[in-house]
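Right, one structure below, let's go through it.
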Amino acid sequence: DAAAGNATGTIQWNGNGSTYPQGTEGEGQEHMLEGQGAAKDDALHLKRRLGLFSGVALIVGTMIGSGIFVSPTGVLERTGSVGVSFAIWISCGVLSLLGALAYAELGTMNTSSGAEYAYFMDAFGPLPAFLFSWVSTLVLKPSQMAIISLSFGRYVVEPFVGDCEPSGVAMKLVAVLIILVILVINCYSVNLATGVQNVFTAAKMVAIMIVICGGMYQLQKGNTHHLQTPFEPISQERASASLADIATAFYTGLWAYDGWNNLNYVTEEIKNPSRNLPLSIIIAIPMVTICYVLINVSYLTVMSPDALLESEAVAVTFGNLTLGVMAWLIPLSVAISTFGSANGTLFAAGRLCFAASREGHLMNILSYVHIRRLTPAPGLIFHSLIAIIMVVSGSIDSLIDFFSFTAWIFYGGAMLALIVMRKTRRDAPRPYKVPIFVPFLVMFVSIYLVIAPMIDQPKLEYLYALLFIISGLLFYLPFVHLGYSSKIMERVTVFLQLLMEVAPTQSVFP
Ligand code: ARG
């Protein structure tokens with residue numbers, strides 16, 4: 001149906017076979033996609049569908065993913081003692097809660113979706129907002145995807161290798177495969193993707209409960225010896241952790257908590273956001289913190305710290321030691337949990353990319369949707385490609401450092417945005433107001449988290465991340481600020497449109 005647009009623009013789609021070049025109705029934003037009758041009514045606005053329960057579920061479902069099944073080893077390795085590890089796990093929870101409370105003020109003050117993107121726009125203007133969308137599209141979202149799929153790979157391969165070290169190549173192969181499967185699901189249908197999300201979130205809660213109950217049972221049997229001398233160093237060379245070790249231990253722990261700001265990406269869809277946004281945060285994050293601490297206790301009821309360090313997949317080891325013939329339940333549930341989390345991450349990535357390119361901040365093609373399936377296919381494919389490159393070239397730990405370093409630059413930036421707006425927008429309505437020490441504290445912690453490892457243990461990952469952020473500036477001036485676009489780029493866009501059957505649209509997918 002869609003025919004090629006004329007030389008001035010891209011192909012538009014209105015479902016009746018007629019086409020018109022971008023610009024004929026003034027702004028490109030005016031064009032609507034009418035491929036499917038049902039979607040037409042929803043095309044202009046997103047519905048407020050998320051209540052308190054869904055809000056909590058969205059936060060919990062995003063936060064619990066791969067981290068709690070892989071990070072305990074990393075945190076222990078970097079801190080060198082059980083006691084300090086627990087302190088890190090609890091502090092990460094408190095830090096996430098404080099950060100999220102500050103986001104609650106930001107999100108109830110500016111109720112548009114897009115989180116950091118919207119707040120940076122308000123507080124600092126388009127350039128920082130652009131840099132955020134640039135980095136999150138090119139780095140943050142794909143690296144999240146890569147880490148989660150690698151963890152999936154680890155848990156799928158682990159049960160098949162017995163006591164041997166799982167092969168890196170096999171893990172990576174599985175990781176690439178699951179990215180492709182999730183990509184197909186998300187390109188195929190929005191309903192399928194959200195359905196997968198719901199089923200997998202429920203399954204993940206079951207997995208968490210199995211581990212916690214298993215641990216409780218062990219505790220009650222008196223298996224507490226690994227918890228009795230928490231501050232004894234595990235080994236001689238790890239006797240004391242440096243400041244940078246602590247910061248990178250935080251990275252590992254904070255990965256498991258990442259997603260605490262997820263509700264802020266969809267503020268436009270929350271019912272009564274000034275009540276439900278802060279409340280969801282206050283319920284969800286302490287809940288996750290308690291689960292994580294209890295799971296760590298569970299692991300240590302059956303494993304010595306040394307065994308925990310040795311284990312390639314802690315939860316599997318835990319299952320083997322406690323569940324007997326039912327041990328297969330664990331890798332299965334972790335695979336389910338990580339699959340769901342990767343699915344949700346790609347889903348959100350598609351939406352973020354869509355929002356930013358709609359503002360003209362990224363290549364137009366990334367905001368287009370499939371004319372029949374109404375899925376943001378180009379953005380999804382783009383993210384998956386980058387994620388696959390990261391899977392092939394990185395390891396879970398290096399990717400987590402790379403991710404956390406970059407993410408905390410922006411979380412810190414959001415705290416600064418709050419503080420700045422307390423001055424510049426003194427009178428803006430703030431249905432929820434956080435005590436001012438909170439954003440200051442989180443900002444100082446984020447500065448420490450970003451600077452300490454860079455100075456103490458400089459790694460290439462940090463340099464890459466900084467280069468990425470800075471390289472965004474090179475694109476901003478010609479392509480966004482001056483709005484440069486060349487004939488070649490237009491041709492490529494039209495070619496890709498025909499290839500993928502995609503067209504520009506308003507926000508039609510939920
Ligand atoms: N905390 C999650 C995990 O442990 C990762 C969340 C990724 N972040 C996101 N916003 N999807 O796997």
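Residue indices begin at 1 and follow the sequence shown. Whatever order the structure lists them in is the order used to number ligands and atoms, beginning at 1.
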- prompt: Can you list the atoms of ligand 1 that are under 4.0 Å from a heavy atom of Lys141?
  reply: 10 (N)

- prompt: What about Gln144: any of its N or O atoms under 3.5 Å from an N or O on ligand 1?
  reply: yes

- line: the protein heavy atom lying closest to atom 6 (C) of ligand 1 turns out to be Asp258 O, 3.4 Å

query: When you measure from the side chain of Ser71 to the backbone N and O of Thr252, does any donor-acceptor pair fall under 3.5 Å?
result: yes

message: Heavy-atom pairs closer than 4.0 Å: do any link ligand 1 to the side chain of Met145, the backbone, both, or neither?
response: neither

query: Looking only at protein heavy atoms, which one is nearest to atom 4 (O) of ligand 1, and how far off is it?
result: Gly67 N, 2.7 Å

field: Which residue and heavy atom of the protein sit nearest atom 3 (C) of ligand 1, plus the separation
entry: Ser66 N, 3.3 Å

- line: In terms of heavy-atom contacts, Thr345 and Ile148 come closest through OG1-CD1, 3.6 Å

query: Under 3.5 Å, is there a donor-acceptor pair between the side chain of Ser311 and the main chain of Leu308?
result: no

message: If I compare all heavy atoms of Pro278 with all of Thr108, which pair ends up nearest, and what's the gap?
response: CD-CG2, 4.1 Å

query: Between Ile208 and Ile68, is any pair of side-chain heavy atoms under 4.5 Å apart?
result: yes

- request: Give a yes-or-no answer on whether the side chains of Glu116 and Asn264 include a donor-acceptor pair shorter than 3.5 Å.
  value: no

query: Which residue and non-hydrogen atom of the protein lie closest to atom 11 (N) of ligand 1, and at what distance in Å?
result: Thr345 OG1, 3.0 Å

field: NZ/NE/NH1/NH2 to OD/OE distance under 4.0 Å, Asp397 and Arg78
entry: no

- request: Give the atoms of ligand 1, by number and element, whose distance to some non-hydrogen atom of Thr62 is under 4.0 Å.
  value: 1 (N), 2 (C), 6 (C), 9 (C), 10 (N), 11 (N)

field: Ile148-ligand 1 polar pair, N/O distance under 3.5 Å
entry: no

query: Just distances here: any N/O of Gly259 and N/O of ligand 1 closer than 3.5 Å?
result: no

For atom 2 (C) of ligand 1, closest protein heavy-atom neighbour: Met63 O, 3.2 Å

message: Taking the six-membered ring for Trp, are Trp408 and Tyr251 closer than 6.0 Å centroid to centroid?
response: no

